[in-house]
Every structure is written in C-alpha cells, then in structure tokens.
**Student:** 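Starting off with a structure, shown below.
Remember, it's 1-based here, ligands and their atoms both numbered in the order they're listed. Note that this is a predicted model, so its numbers are computed, not measured.
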Amino acid sequence: MSGGSVAALIPAAGSGTRLGRGPKAFVEVAGMSLLARSVARLAPHVGEVVVALPDGMSLPSGITARSIPGGATRQDSVRRLLEATDAEVVLVHDAARPFLPARVVWEVTAAAREVGAATAVLPVADTLVRAGEDGGWGQYVPREGLWAVQTPQGFRRETLIHAHARAAAEGFAATDDAGIIARLGGRVALVPGDARLFKVTTPGDLALAQAVAAVWDAGVWDAGDDDA
Ligand code: C5P
C-alpha cells in the first residue's frame, strides 16, 4: 500500500457483559471467533494487526496478530494500542464487527490519508423519535443528514494520539475515536459503511451473525462487493 505504513488496531478487551458469553471477542460464529474473523478481514490490507486483549488472556493460535493487554475502558485500550505501533496511519476496528468488506477498508484508509480522520457510517433508515419525559413519544427527529457510526475508523496516528491525550487530560469519555477528533474541531470524513458491519452486542445480534456467516462464508455476495 502506498503512502506510508498502516496498522490495524483492534480493541478486544471488553467483557461482553450484554452478550453474557464471556469476553466477546472469543465468542464463535460458525466455528470462528469474532476476533479471528476481524483480524482475517484486515490482515491482507495492513502492515500489522495489534489486538488489545483482556488482562491475562493471550491470542489463540492461528490469529496473525500481535497482542497487548487492554485497559479499563475501550478508550484506554485504544490509547495503549496507539503506543504499540509506529505506523503512520491506523485503522481502529471493533472485534465485535466481524463482517468487514474490503471496499470499506480501502475507502476508510484512503480518506484517513487525505483528511487525517475518517469513519465508516450508515444512513439511518428508521424513523427517529426522542422520548418525552413520560417515556412516550416526545419529538420527531428528522433523519436527513443523520448517520450511524461504524468502524473501521482511520487516522493519521499522530493526530489520534494528540486527541486521546487531550481527552484523557480533560476527562472526556467517548465510545469511538472519530468523536474524539471531532470534539477538538478536527475534520472527520464520512465513508459509506455496510449493513453487514453491525456490532454484535446482544444475543439477538449473535443469532443474526450466525445467519450472515452462513452466506458470508459461502462467498456468494456480489463479486464487486468483496474480494479479499
Ligand atoms: O462494549 P462494546 O461492544 O461497546 O465495546 C466495543 C469494543 O471495545 C469491543 O470490541 C470491546 O472488546 C472493546 N473494549 C476494549 N477494552 C475495554 C472495553 C471494551 O477493548 N476495556
């Protein structure tokens, strides 16, 4: 890949509380863990893959990556990952999003190089409503211009290190990295994501992931969609 080295950073140190199956990254879908799936999707496109794991856990064999101990929060885990590589560009990707099309990896990487920060996003399809004080229908929220944020998110590494340091110093907590950049006034490019890139969070998501895996693993998606 031209234009400087790229590393994929995978925060996978969560406990998976909402799924209730132990550390989520190690949960298997059709015989392959979420982590192994995510690593396999990224490895062909980057110089190295670094994974943050729960304390005391090591990488199962067959996963081509380096691992480090994660932190108490996702943000801490990403901060540690940023210190564990010297790549010029980093792609931060949640282990819990195993169905990652190559097109998304290419486009996020290209936009990160050009703009400094980029994230995969999906247009919001549902009608949106903000609940009122009684918990019922409060106010309609127009969905035009609204996007759901996915990963991978790509950054020039120095830019993200700086933003994380500021966030830590100011006690700002975020659930993603692009938001940390945006908070400081930095530009974040929005790149079309993919519906299959949903995050496996609840037991219902796991059932959906089993169904997606049956098609994904058979390699029968549109040819232009994927190739790696
Ligand atoms: O809990 P949630 O699904 O939002 O976590 C998003 C990602 O962040 C997961 O892949 C999880 O493993 C990771 N994480 C982490 N370190 C933590 C908490 C979460 O790497 N302390």
**Student:** I'd like to know if the side chain of Arg157 and the backbone of Glu88 have a donor-acceptor N/O pair within less than 3.5 Å.
**Tutor:**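 Side chain of Arg157 to backbone of Glu88: no pair is present.
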**Student:** Would one find more than 12 heavy atoms of other residues, nucleotides or ligands at under 6.0 Å from atom CD of Glu114?
**Tutor:**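 12 or below, so no.
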**Student:** Out of the candidates Ile181, Leu184, Val115, only one should pair with Thr159 under the side chain to side chain contact (heavy atoms under 4.5 Å, CB included) rule; please name it.
**Tutor:**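 Option passing the side chain to side chain contact (heavy atoms under 4.5 Å, CB included) with Thr159: Ile181.
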**Student:** Using a 4.0 Å cut-off on heavy atoms, what residues surround ligand 1? Order them by chain and number.
**Tutor:**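 Correct list: Pro11, Ala12, Ala13, Gly14, Arg18, Lys24, Gly71, Ala72, Thr73, Arg74, Ser77, Asp94, Ala95, Ala96, Lys199.
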**Student:** Checking side-chain polar atoms at under 3.5 Å, does Glu48 have a donor or acceptor matched by the opposite partner on Thr85?
**Tutor:**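 Looking only at side-chain atoms, Thr85 and Glu48 do form a donor-acceptor pair, the distance falling under 3.5 Å.
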**Student:** Return the CD to CG distance between Glu28 and Leu34, rounded to the nearest 0.5 Å.
**Tutor:**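 Output value for this atom pair is 9.0 Å.
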**Student:** Could you tell me whether the side chain of Gln75 and the main chain of Ala174 form a donor-acceptor pair under 3.5 Å?
**Tutor:**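 Yes; judged by distance alone, with no hydrogens or angles, the pair exists.
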